[in-house]
Amino acid sequence: MPKKQKKFADDGWAIWVDGDDTSTVYINDWLNPKGKCHVDIAVRIRGIKSSKFLHVYVPFVVSRDEIEDVSLLFNDTKILQATFSAACIVDYKKNEHTSEIAYNGKTVDIVHISTLEYEIVALSTGTLISVDLDKLKATLDNDEAYFIWRMPHKSLDEIFKPRVDVGNAMSRLRDLITTPVVSEKYGYSIRINEARLLPEEITRIGIFHRQKLKKAVITLSIDESYELNDGGCYRIRRLEENLYKDYLPKSYKHEDVITYQWNQNREHNQQGQFNFYYNLSKDSVSKSSMFLYMVLLLAISIFGDLLAELVKTLIRMFI
């Protein structure tokens, strides 16, 4: 039986807009089990001109320096086409804070968060990011706008973090010899606006409890060498290599990435709960086992040569 390593994380996120109850959230997890993971957060706000604040609670500590404004890449129409799954016309940097794109018969604003004086507050178990929409209204030409940024996904970095097996030495040696194949299993749950997983600083905010998202879409982008439980997916596709290659995090190779998408709409969940769970696994040969096998083979080879020479010597002595 292969040795199994199971790791799991259960995170609560919170996204709400003061003044709007039909917003949509998109979370794109860039899974990198061998390095740093990233997450893209996008929020689409309808009726932004009558909204006051955008709030995003992140379930780990994040600093302003770690937030990357990926909307600045949208001057590349190929990236726009891959991101919005449509041909887009862009008026890039139409003003200090926004660009404007037209696609699928509508026109929306893209807000460049790096140009804003947004607020970041450290909470007991995470970070609250708040954007004052009132200050932005003078630069908005449309009543629908997107915010999108990328940051490290530290919850995933933690579950992918290598652990040292501190079990009994003899048991460990037995495992290395008898079970060279290691089966790693990871599980991660994303829960949006679920109060029981959020800190008190969020749950006591009245407007948070009145907020309802219209839709949440989770996208996972992962190397194909990992096996994903994709039974709940409604779309599985390989990234458009020529369109997306300049958008990926630096640690990714576009030819290896496959995207899986989940979709949960409030029309089918009247309580407005958005819970996504996925697990993935990978079987690999233990490097420690291979090293031990090489040492054992070398030792057996040396011992065999010595034994052969000893036998030859004994034979010559009795002949």
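Sequence positions, counted from 1, serve as the residue numbers for this chain. Treat the numbers as computed from the prediction; the structure is a model and nothing was measured.
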For the hydrophobic clusters of this structure (ILVMFWY residues joined by side-chain heavy atoms under 4.5 Å, transitively), does one cluster hold both [X] and [Y]?
| X | Y | answer |
| --- | --- | --- |
| Ile110 | Ile129 | yes |
| Ile113 | Ile79 | yes |
| Val39 | Ile120 | yes |
| Leu128 | Tyr118 | no |
| Phe274 | Tyr57 | no |

Give a yes or no answer on whether the side chain of [X] reaches the backbone of [Y] with a donor-acceptor pair at less than 3.5 Å.
| X | Y | value |
| --- | --- | --- |
| Asn95 | Thr139 | yes |
| Asp109 | Leu140 | no |
| Asn275 | Arg191 | no |
| Asn193 | Ile15 | yes |
| Arg64 | Glu119 | no |

Interatomic distance, [X] atom [atom1] to [Y] atom [atom2] [nearest 0.5 angstrom]:
| X | Y | atom1 | atom2 | answer |
| --- | --- | --- | --- | --- |
| Phe276 | Ile218 | CZ | CD1 | 4.5 Å |
| Tyr260 | Tyr234 | OH | OH | 15.0 Å |
| Ile27 | Trp13 | CD1 | CH2 | 5.5 Å |
| Ile45 | Ser50 | CD1 | OG | 10.0 Å |
| Ser221 | Asp29 | OG | CG | 8.5 Å |
| Glu227 | Ser281 | CD | OG | 4.5 Å |

Could you check if a side-chain atom of [X] sits within less than 4.5 angstrom of a side-chain atom of [Y], using non-hydrogen atoms only?
| X | Y | answer |
| --- | --- | --- |
| Thr259 | Leu220 | no |
| Val217 | Trp262 | no |
| Tyr188 | Tyr278 | yes |
| Val43 | Thr24 | no |

| side chain to side chain donor-acceptor pair (under 3.5 Å) evaluation trace for Asn28 with Thr219 | CA-CA 4 Å; Asn28 182 14; Thr219 301; 4.8 Å; no

Looking at [X] and [Y], what are the two nearest heavy atoms and their distance?
| X | Y | value |
| --- | --- | --- |
| Val111 | Ser71 | O-OG, 3.7 Å |
| Ser155 | Pro59 | OG-O, 4.2 Å |
| Leu72 | Ser114 | CD1-OG, 3.8 Å |
| Ser51 | Asp134 | O-OD1, 4.0 Å |
| Ala216 | Asn263 | O-OD1, 3.7 Å |
| Ala87 | Tyr103 | O-CB, 3.7 Å |

Item checked: Derivation and outcome, side chain to side chain donor-acceptor pair (under 3.5 Å), residues Tyr186 and Asn279 -> CA-CA 5 Å; Tyr186 306 91; Asn279 58 64; over 6 Å; no

Do Thr83 and Tyr26 pass the side chain to side chain donor-acceptor pair (under 3.5 Å) test, and can you show the C-alpha distance, the side-chain angles, and the key distance before you say yes or no?
CA-CA 11 Å; Thr83 304; Tyr26 303 86; over 6 Å; no

Test side chain to side chain contact (heavy atoms under 4.5 Å, CB included) applied to Asp76 and Asp246, step by step: CA-CA 9 Å; Asp76 186 331; Asp246 295 325; 4.0 Å; yes

Report yes if the distance between the aromatic ring centroids of [X] and [Y] is under 6.0 Å, otherwise no.
| X | Y | value |
| --- | --- | --- |
| Trp16 | Phe208 | yes |
| Phe60 | His153 | yes |
| Phe84 | Tyr146 | yes |
| Phe74 | Tyr92 | no |

Tell me if the [atom1] atom of [X] is crowded by more than 12 foreign heavy atoms within 6.0 Å.
| X | atom1 | answer |
| --- | --- | --- |
| Lys52 | NZ | no |
| Glu201 | CD | yes |
| Lys137 | NZ | yes |
| Glu117 | CD | no |
| Glu200 | CD | no |
| Ile236 | CD1 | yes |

Subject >> Glu100 and Thr107: CA distance, side-chain angles, deciding distance, side chain to side chain donor-acceptor pair (under 3.5 Å) verdict >> reply: CA-CA 7 Å; Glu100 185 179 74; Thr107 305; 5.6 Å; no

| query | Between Lys154, His38, Arg150, which is the residue that forms a side chain to side chain donor-acceptor pair (under 3.5 Å) with Glu66? | reply |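 The single option meeting the side chain to side chain donor-acceptor pair (under 3.5 Å) with Glu66 is Lys154.
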
| request: Could you give me the CA-CA distance, side-chain angles and deciding distance for Ile192 and Val25, then say whether side chain to side chain contact (heavy atoms under 4.5 Å, CB included) is met? | output: CA-CA 9 Å; Ile192 302 174; Val25 59; 3.9 Å; yes

#### Entry: Ion pair Asp157/Lys36, N-O distance below 4.0 Å
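Salt bridge between Asp157 and Lys36, a charged N being under 4.0 Å from a carboxylate O: no.
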
* Residues forming a salt bridge (Lys or Arg N to Asp or Glu O under 4.0 Å) with Lys106, sequence neighbours excluded ->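 Here the qualifying residues are Glu144.
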
ask   = Where does the angle between the aromatic ring planes of His55 and Phe53 fall among parallel (under 30°), tilted (30 to 60°) and perpendicular (over 60°)?
value = parallel

Test item: side-chain donor near acceptor, His112 and Thr98, under 3.5 Å: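 Per modelled atom types, His112 and Thr98 side chains form no pair under 3.5 Å.
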
* Side-chain donor-acceptor pair present, Ser63, Asp65, cut-off under 3.5 Å ->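 Absent: no donor and acceptor within the cut-off.
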
Criterion side chain to side chain contact (heavy atoms under 4.5 Å, CB included) on Trp149 and Met151, from CA distance to verdict: CA-CA 7 Å; Trp149 67 87; Met151 56 191 172; 3.7 Å; yes

Only residue of Asp132, Ile48, Val17 satisfying side-chain contact (heavy atoms from CB on, under 4.5 Å) with Leu54 is Val17

### Query
Is it true that the NZ or CZ of Arg44 lies under 6.0 Å from the centre of Phe147's six-membered ring and within 45 degrees of the ring axis?
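No.
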
Chi angles and distances behind the side chain to side chain contact (heavy atoms under 4.5 Å, CB included) call for Val90, Asn75:
CA-CA 7 Å; Val90 58; Asn75 62 331; 5.9 Å; no

